[in-house]
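The structure under discussion appears below in the form of structure tokens.
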Amino acid sequence: MQAVSERQGHRFEFSEQLIGGAAIDAVGDPLPPDSVASCRDSHAVLLGAVGGPQWSDPNATVRPEQGLLALRAALGVFANLRPVQIYPQLAGASPIKEERLKNVDMMVVRELTGGIYFGAKTRDANSASDLCSYQRHEIERIVRVAAELARRRNGKLCSVDKANVLETSRLWRDTTDKLIKAEYSDLQLEHMLVDAAAMHLINRPADFDVVVTENMFGDILTDEVSMLAGSLGMLPSASLDDGARGLYEPIHGSAPDIAGRDIANPCGSIASAALLLRHSLHLDDEANAVEAAIASVIEKGGRTADIATADATILSTAQMTAAIIKALP
Ligand code: IPM
Ligand code: MG
């Protein structure tokens with residue numbers, strides 16, 4: 001962001017706030033009120049991953065992930081865009097056969113502030129429950145976001161649900177059908193059950209354009225499709241409200257196994273900053289420039305360890321970042 005501002009003559013104001021494990025350590029709260037206030041006060045939020053082994057006890061009453069979920073809710077960022085683009089040079093880094101990766105370019109639109117993540121929870125010694133509920137208007141607004149994207153892309157929308165089992169999914173399917181019929185009849189709509197989607201996304205990924213789905217299915221399927229891009233470290237995401245405010249984060253987590261060793265892949269984070277420039281600051285040229293810089297470094301063979309094939313020179317996080325900054329116009 002700093003490099004973009006220096007080169008393009010913009011002035012960005014930054015405010016750094018704590019969330020997750022760092023906030024628990026500092027003040028015992030994974031999302032301190034000051035952090036929420038500062039995020040609400042900003043045009044956009046660029047987020048670092050929130051967890052780590054020292055806070056990972058799932059039985060703890062205070063957990064880093066609560067901070068992330070509370071921030072998504074507080075900002076009302078219900079639309080999580082997870083674009084999946086393949087750099088042809090990274091085909092060898094993917095566990096999926098190269099011929100299946102040709103022409104893969106999809107956008108997964110994940111509902112982010114509803115469903116089982118936010119339903120009532122109960123727990124006693126021998127039983128537990130998590131409520132999954134959706135309102136029609138929550139489905140309509142996320143499907144609308146996906147439909148608008150599909151219109152500007154290849155006109156194909158795949159809605160993923162589990163309508164053969166779940167009532168929320170039957171409402172999802174009904175709502176999607178009605179909305180697309182009424183307002184987006186130019187689009188090609190397909191419904192797919194989530195288990196079948198898990199298979200088809202890997203087997204014939206190039207057939208997908210925009211995929212829209214509920215919160216938990218989207219969480220799971222996007223980790224799966226990240227393997228098409230070669231590494232979880234490559235994928236950015238944008239979480240948007242119904243205006244221009246957004247929360248931007250790579251789809252990967254804090255990767256505690258490699259933390260602090262200067263070997264993590266910064267591309268997902270840097271590409272998230274590009275999405276921030278585009279969606280919240282309306283700086284399309286700058287966003288395109290950042291994405292082009294990542295692409296040119298990859299094209300010239302720049303590789304962090306997670307995307308390196310046998311004979312590549314491996315760059316550290318700092319070196320990869322410096323190379324991308326250097327490639328900016
Ligand atoms: C993601 C993450 C989060 C989620 C976790 C950290 C709560 O997996 O953004 O995909 O499940 O939404
Ligand atoms: Mg996830």
Side-chain angles (χ1 to χ4, degrees), residues 18-24 29-31 35-36 39 44-84 106-119 121 130-132 134 138 142 145 160 168 194 197-198 201-202 211-229 231-241 246-259 264-265 267-273 275-276 279 306:
L18 296 176
I19 187 171
I24 295 176
D29 178 351
L31 185 64
S35 297
V36 181
C39 290
V45 180
L46 186 62
L47 190 106
V50 295
Q54 60 274 53
W55 310 282
S56 71
D57 175 3
N59 292 318
T61 50
V62 178
R63 281 171 284 110
E65 292 78 7
Q66 294 163 336
L68 178 59
L69 299 186
L71 184 60
R72 290 171 177 171
L75 297 178
V77 288
F78 64 89
N80 183 216
L81 277 42
R82 297 189 163 185
V84 184
M106 77 173 95
M107 172 70 85
V108 182
V109 179
R110 169 188 176 194
E111 199 292 322
L112 202 63
T113 52
I116 199 164
Y117 272 59
F118 291 93
K121 300 176 190 309
D130 297 275
L131 179 70
C132 182
Y134 269 108
E138 293 176 295
I142 189 73
V145 169
V160 173
T168 41
V194 63
L201 283 166
I202 286 293
V211 176
V212 62
T213 191
E214 63 99 72
N215 203 342
M216 188 157 75
F217 298 159
D219 176 47
I220 298 167
L221 293 178
T222 50
D223 268 31
E224 185 195 20
V225 293
S226 76
M227 286 296 99
L228 302 167
S231 167
L232 196 56
M234 291 302 298
L235 293 201
S237 90
S239 305
L240 308 174
D241 66 6
L247 173 66
Y248 300 83
E249 48 174 325
I251 81 156
H252 65 71
S254 56
D257 53 325
I258 59 166
N265 185 344
C267 289
S269 279
I270 295 172
S272 298
L275 294 179
L276 187 161
H279 293 285
D306 56 316

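Remember, it's 1-based here, ligands and their atoms both numbered in the order they're listed. All figures in this text were calculated on a predicted structure; none of them were measured in a lab.
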Notebook entry, point to check: Is there side-chain contact between N80 and S237, with heavy atoms separated by less than 4.5 Å?
Noted result: yes
Notebook entry, point to check: Are R82 and ligand 1 in contact, using a heavy-atom cut-off of under 4.0 Å?
Noted result: yes
Next item on the list: Please find the N/O/S atom of D219 nearest to the Mg ion (ligand 2) and write down its name.
Entry: OD1
Next item on the list: Tell me, please: is M216 in heavy-atom contact with ligand 1, that is, under 4.0 Å?
Entry: no
Next item on the list: Could you tell me whether ligand 1 has any atom less than 4.0 Å away from a heavy atom of R63?
Entry: no
Checklist line | Contact check, side chains of T213 and V194, non-hydrogen atoms, under 4.5 Å | finding: no
Notebook entry, point to check: For ligand 1, does Q66 get within less than 4.0 Å through its side chain, its backbone, both, or neither, judged by non-hydrogen atoms?
Noted result: neither
Note to self: Distance under 4.0 Å to a non-hydrogen atom of R110: what atoms of ligand 1 satisfy this?
What the structure shows: 1 (C), 4 (C), 9 (O), 10 (O), 11 (O), 12 (O)
Note to self: Tell me whether R72 has any N or O atom under 3.5 angstrom from an N or O of ligand 1.
What the structure shows: yes
Next item on the list: List the steps and the verdict of side-chain contact (heavy atoms from CB on, under 4.5 Å) for N215 and L112.
Entry: CA-CA 5 Å; N215 203 342; L112 202 63; 4.1 Å; yes
Item checked: Side-chain heavy atoms of M216 within contact of C132, under 4.5 Å -> no
Notebook entry, point to check: Between L47, V50, L68, L112, which one has a non-hydrogen atom sitting closest to atom 5 (C) of ligand 1?
Noted result: L68
Note to self: A side-chain contact here means heavy atoms from C-beta on lying under 4.5 Å apart; do T222 and L235 qualify?
What the structure shows: no
Checklist line | Within-4.5 Å side-chain heavy-atom neighbours: V225 and M106 | finding: yes
Note to self: If you define the side chain from C-beta out and look only at heavy atoms, does anything of L31 sit under 4.5 Å from Q66?
What the structure shows: no
Margin query: Please list the nearest protein heavy atom to atom 7 (C) of ligand 1 with its residue and the distance rounded to 0.1 Å.
Written below: E65 CG, 3.8 Å
Note to self: What protein heavy atom lies closest to atom 4 (C) of ligand 1? Include the residue and the distance to one decimal.
What the structure shows: Y117 OH, 3.4 Å
Next item on the list: Report yes if the side chains of L47 and L71 come closer than 4.5 Å at any heavy-atom pair, otherwise no.
Entry: yes
Next item on the list: Name the closest protein heavy atom to atom 10 (O) of ligand 1, giving the residue it belongs to and the distance to 0.1 Å.
Entry: D219 OD1, 2.9 Å
